[in-house]
Structure formats: structure tokens, C-alpha cells
*Asks:* 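Take a look at the following structure, please.
Values below: all heavy atoms of this structure, side chains included; hydrogens, waters and symmetry mates excluded.
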Amino acid sequence: MLQLRYRVPALTTAEAAILLEEHWSLRATLTPLPGERDLNFRASTADGRLFVLKLSELAHSSAVELEAAALTHVAARDPALPLPRLVPTQDGLAYATVRDGETTVLARLLTWLPGTPLAIWKPHSPELQYCVGQALGRLALALRDFRHPAAQRLLKWELGTASWALEHLGKVSDHGKRSFLEEILEYHQSSVVPALDSLRRSVLHNDGNDHNILVEAERDGRPRVSGILDFGDMCETAVAADVAIAMSYIMLDKPDPISAAARLLAGYHSVLPLEEKEIELLFDLVRSRLALSVVNAALQAELEPGNRYLQISAAPAWKTLERLRRYQKRLALYRFRHACDLEPCPAGTRVVQWLDRNRGSFAPLLGTPTDSTDLYVFDASVDSGDLGTPDVWRDRSRFAAHVRQALDSAGVRVAVGRYDEVRPLYTSPLFAVEGNEGTEWRTVHTAIDVFAEPGTPIFAPLRGRVHSLRDNAGDGNYGPTVVLEHRIDEEELVFWTLYGHLSRESLQRLEPGAEVGAGELIGWVGTSDVNGGWWPHVHVQVIADLLDYEGDFPGVARPLEREVWLSLSPDPTPLLALPREARASPPPSSSDLEQRRSRVIGPSLRLSYRDPLHIVRGRSEEHTSELQSQFHLVCRLLLEK
């Protein structure tokens, strides 16, 4: 029978102290600690030693035996893993059996681990998130060959038994919350639980929450995991469920929960690699765990209204669920795949291969082919010699004239802006992202810009149909936008192309669902007053997964997510018959280089994707010029090979 409420022994602090002295010959000052199933105390001896005394009712004896066996097993498999160790009684037993009136109580003593709970430790740096994942992965790896009959138990926190929460949804008073939780839990029951049956299972910790992870600083100031606590929810469960539980808690109170979860996942996967089908379930398992936490808190509020510990995660869990509600599930999957060193969007590779095989067979975008003698690759990167000074590119009308002058000086008809280029141009709030370490900026260009005069006709490079149209009005946006869908039946391949910054007349001549032939007119280059305020050009983007967007799709990405968005938006240069120079050089990935940059420029390392202008606002003109020079130096250091 599934147990939803646990009886905790009723011993007083004084009685527990006597018990400790009788069975362990320890005199100590006891301080109560929180717990759902056990009565817990910190025991502090006069000579400075610290322990944890845990008291459980006899009904939980199998769980106590499971915990003792698991701790012994892990200590043998991975001695350096920071786990509590059982302190045997005077009689050499793992625990003592004592009477409390008519109740039998099991008492065990554990070593105390130093550190601060992850829930309290700040900040949760990406490095720390990765370390937490690694520590939990090591624990899971050490337990892979562990077996115990008590692990085959019904437990409310085992994600395969989450149906109990549906029966108690009525405890959630808010109708809107209750409806959303019901949606999550019903999907979990109908789709996630059956999928769990095909996944790897093992005896696992099953409760990597932020109060069960301890953190302390190394001598160099870097945080490390100093302890993993509370093995009371151990059971045989899916490996994916174990990591998903930890991911759900590392997300709490994060503006960008997916980034935190992905970093923890990367650490876990580095020790215990996950299979693709396990990764596919993580987003749903995270939502299910958070939903269970909210429902359990509502249930416990009724059963034990005075126990604040049982409510500790309810509010942040709900807030995180609301954030995940606005997040596209497939995008989360792609980010999790990338964290596990897999191609983020597998369809992206197939699109790239097809475009490369058919390079040279596509209709010209501008109606007539453009060769290298009539083409100028315009460098709009942070280290550009073409871009001009910030006072030029901040003023879009001045910048449009600047681009026109560059084309005239080069004596060419067409210029292109590069794919995969880090640009400082995107400074409006439209491109700001609330990251876990402050505001970040989407600066990596995931398309090709083709500069041309307003009114220049734009033609479809390949056959397709009109998927959607939209005027994405607003400063810095696309303006009129056309999205075409392309189905390559013989390849069983579907992808999309997006054309932004067009004229309003472009939207009037097309209808959603209309067939478009290769070389057919789809619109005209728009003017700056309708195209979002940009210089006249068309933004051409290939998209492997449209992520349910209509008439729109992000055309620049955070550097943090660069590989994911480049996988979603493959290189369009084969489609446009452009030279290799139209794709920016990939940034270096050497850890040695990253460390060297950190030493050289320290906190300025993130300038390429934070507000590129925040260092010059509110300064004198002379100081601004000096800071701009420093900024460009930083950018060169960021992009050098």
C-alpha cells in the first residue's frame, strides 16, 4: 500500500540524548533537524565532534536496512564520494532498537558532513551546477550493481507511482493551478509511465533536492559538493527519473531554469551517460516531479499544518512550473541533447546534407546569379573593420548609409551579412534575455543577410508552400516576414525557410497554404520604416524545426545556446550559392584559451553577450571613446583563435 503520511517518533530531545549515551557512549548536545519520515538531531560533543542521530519507527525497518546497506556498498565502490558513514553501536550494530512506550524505534548514528545546503548557497554558478550533476552521477554509478529486496517498494516519490497525486488534486484550492497540475499528471500517467517501463532501472538515491546537497568552498574559492544526504527515498527506479529529480530542484528560483538543468545534466552524463530515449523523457519527468511537490505540499498542509519543512519547495516549484509552461518542449529536448554531447536537433544534420548535395541547383534569390566579383561579405562582428563606431551602428539610418557606402566603395551590387556571426548590433530590449547570472543578449546571427536596395524582388530558391505570413512590427524586429515549408518526399525530409525585412506588399500577394515554385517571386526588400528600422536587406534563414512558430522565428541566439540554434537553423550558404566566407569562423573551444582569456579580461569575458553598450552609458564623450576602444580589444580577445 502506498504511504502518503509518515508517523515520526515522539521522543523528546532529552530522551534522545539518553538513548545516544546508552548505545554509543556519546554525551552530546542535540539540536532538532527537519525531516518528513524520521526524527532527526544534530549531535555535538564537547570535543567538537558532530553527528546526526536519526530515529525511525519500526514500520520503516526495511527502509533503514536498505539505507545502511547502500551506504556500505557505496563506501566500498567510491570511497571519495562525500556521503555520511554509519557509526556502529557499542555492540557493533548498524542501528539500535529501543522502546518508546508501546512503540519500537530504530536509532542510527551517522557522521556529520560539512557544508551549506545547496538551497541556501549562493550563487548557483554553472560550475557548481555541473559539479552537483557529477556527484549525483557518481552516486548512481556506484549503485549500479547494488541490489536489496527493500528497494522494490511503493513510494510516493517514485515517479512511476505518481497517480496518487491525481486523487488528491482537490487539496489544491486554486482552480487554475489545479487544472494545470491535472494536465501534467494525466499526461504523466498516460504517456510517461508507459515509456518508463522501457528505460534502465537501478536502485537510486531518488531525492537529489537542494536540501540534500551540501556545498562548501575549496581553498581557491571554487564551490564543491561536500555531501549528499538523506537516503530515505531510495528505491529501484529509472535512471532518467533520478537525474530528472535533481534537475527539477536545481531549476528552482532560476529565471532560466532550462540552462541550470542542462548544466546539471551535463555533469551527470559525464559520469553516467544517458541514452537518447532517457533524454527524451527528462522534460516531462521534471514537470511531473514539480507537480508532485506542489500536490504533496497541499496534502501535507492539511495533515500537518505546523510542519513548515513540508512546504519548503511548494512556492518555487509552482513558479518553476509556470516558467516551463512557456517553454517549448522540443527546444528543451534539444538543449538537453546538447548537454549530453548529441546533435541538438537531429533533423538539422539531414537538412545540411541535403542542401550540400544540391548546392548549385537552387534558383537565385535575387533573380539572377551573383558571382564573387559582384559580392561583398560585410563583416558585422564585434571585431569588425566594416562595422564602424558604436555611434554609427546605434543609429540605424546612419548605419544604412554606412553600409551603402561600403558597397559603393567595393564596387559591388550585393553584400551579405554572415551566418554564425557574433554581432554587437542587437541592443534593444527585444534581444535581452533574463539569464541566471544577469541580463544576456542574443548576439549570434543564425541566418544570412542579403543587402539590396528597397524594392529589389526576392525569389524562392526552391519549391515549397507558404507556411505563414506576419508583419513582425516593432523596432529591431523583422517587419513583414514570409515562411515557406519545403517537403522533400523522396528523402522524407521537411524544413522551412524564412525571409524577413520584406515590404508590406509582399504579404498582400501571398496566401498561407499557396504553392510556390522555385524561382517564383515571393516579395520585395522593404524600406527601413517598415522592416524594423534596419538597413534594407532580406534575412534568409533555414529552419530544421519551426518549434510551432507562425510567421516568425528567432534569428539571433544567445552564445550560451549557440550550438543548439545553429542546429535548428543550418547554414543557408548552399541554398544561396554563397562562398565559404559568408559563414563566420567558429569560435575556439579550447579550455586553455578560455582560461587565458579569463586571466586577461576577467569579468569582461561575458561582454559579447551581455549588453554591449552597458560599459559606455552615462559616461563623458572622452571616457566613452576610451571604453569603446577597450570593448573592441575585449572582443578581439574573445574571438581570436
Side-chain angles (χ1 to χ4, degrees), residues 126 259 338 344 377-390 392-394 396 399 402-403 406 415-433 435 437-449 451 476 500 534-535 537 539-542 553-573 578 580-591 593-594 596-598 600-616 627-641:
S259 288
H338 177 246
V377 177
F378 187 89
D379 182 356
S381 72
V382 291
D383 194 33
S384 170
D386 290 339
L387 198 56
T389 59
V392 171
W393 48 258
R394 287 171 64 188
R396 298 226 173 92
F399 189 57
H402 177 73
V403 172
V416 296
R418 296 184 299 177
Y419 172 76
D420 191 17
E421 182 174 67
V422 179
R423 298 174 169 181
L425 304 170
Y426 307 109
T427 57
S428 76
L430 182 67
F431 304 102
V433 179
E437 297 173 87
T439 302
E440 300 176 10
W441 298 80
R442 296 186 294 124
T443 58
V444 181
H445 194 234
T446 57
I448 289 286
D449 288 337
F451 301 76
W534 299 100
W535 58 91
H537 72 286
H539 170 106
V540 182
Q541 188 165 355
V542 176
F553 196 78
V556 283
R558 300 158 70 190
L560 176 69
E561 302 173 358
R562 172 183 170 269
E563 290 85 356
V564 173
W565 286 99
L566 294 184
S567 180
L568 280 163
S569 291
D571 185 359
T573 55
L578 293 173
R580 184 172 298 174
E581 292 77 13
R583 174 167 185 162
S585 299
S589 57
S590 166
S591 59
L593 178 57
E594 290 176 6
R596 182 168 64 84
R597 289 173 181 163
S598 296
V600 172
I601 58 179
S604 299
L605 182 62
R606 294 166 58 84
L607 281 179
S608 69
Y609 60 99
R610 290 189 181 277
D611 181 351
L613 299 181
H614 82 280
I615 60 170
V616 301
L627 288 173
Q628 288 170 356
S629 298
Q630 293 174 4
F631 171 69
H632 284 289
L633 172 61
V634 167
C635 293
R636 282 194 293 276
L637 285 166
L638 283 165
L639 296 180
E640 70 173 344
K641 289 187 175 181

*Asks:* Should the ring pair His539 and His445 be called parallel, tilted or perpendicular, given that the plane angle runs from 0 to 90° and is split at 30 and 60?
*Replies:*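 Rings of His539 and His445: perpendicular, over 60°.
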
*Asks:* Minimum heavy-atom separation for Glu421 to Ala380, with atom names?
*Replies:*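 For Glu421 versus Ala380, the nearest heavy atoms are OE2-N, 3.2 Å.
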
*Asks:* How close do Phe553 and Gln541 get, heavy atom to heavy atom, and via which atoms?
*Replies:*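 Reported closest heavy-atom pair: CD2-NE2, 3.6 Å.
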
*Asks:* Any idea which heavy atoms bring Pro424 and Leu387 closest together, and the distance?
*Replies:* CG-CD2, 3.5 Å

*Asks:* If I take atom OG from residue Ser259 and atom CZ from residue Arg558, how far apart are they, to the nearest 0.5 angstrom?
*Replies:* 4.5 Å

*Asks:* Give, for atom OH of Tyr426 and atom CH2 of Trp441, the distance between the pair rounded to the nearest 0.5 Å.
*Replies:*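 With rounding to 0.5 Å, OH (Tyr426) is 13.5 Å from CH2 (Trp441).
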
*Asks:* In Å and rounded to the nearest 0.5 Å, what is the CG to CZ distance from Asp571 to Arg583?
*Replies:*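 Result: 5.0 Å between the selected atoms.
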
*Asks:* Write down the atom of Arg423, the atom of Val382, and the distance for their closest heavy-atom approach.
*Replies:*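 Arg423 and Val382 have their closest heavy atoms at C-CG1, 4.0 Å.
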
*Asks:* Just how far is it from atom CH2 of Trp534 to atom CG of Asp449, taken to the nearest 0.5 Å?
*Replies:*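 Between Trp534 CH2 and Asp449 CG, I get 9.0 Å after rounding to 0.5 Å.
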
*Asks:* Can you confirm whether Leu560 sits close enough to Pro126 that some side-chain heavy atom of one is under 4.5 Å from a side-chain heavy atom of the other?
*Replies:*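 A side-chain contact under 4.5 Å is absent here.
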
*Asks:* Do Arg562 side-chain atoms and Asp420 backbone N/O form a donor-acceptor pair below 3.5 Å?
*Replies:* no

*Asks:* Kindly determine whether Trp565 and Val444 satisfy side-chain contact (heavy atoms from CB on, under 4.5 Å), including the steps that lead there.
*Replies:* CA-CA 9 Å; Trp565 286 99; Val444 181; over 6 Å; no

*Asks:* Which heavy atom of Pro570 sits nearest a heavy atom of Val542, and at what distance?
*Replies:*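 For Pro570 versus Val542, the nearest heavy atoms are CD-O, 3.5 Å.
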
*Asks:* Going from OG1 on Thr389 to NE2 on His402, what distance comes out if it is rounded to the nearest 0.5 angstrom?
*Replies:*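 Reported value, rounded in 0.5 Å steps: 8.0 Å.
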
*Asks:* Of all the heavy-atom pairs spanning Pro572 and Tyr419, show the shortest one and how long it is.
*Replies:* CD-CD1, 3.6 Å

*Asks:* Less than 4.5 Å apart, any side-chain heavy atom of Pro344 and any of Leu568?
*Replies:* no

*Asks:* Would you tell me whether Ser384 and Asp386 have side-chain atoms, one donor and one acceptor, within less than 3.5 Å of each other?
*Replies:* no

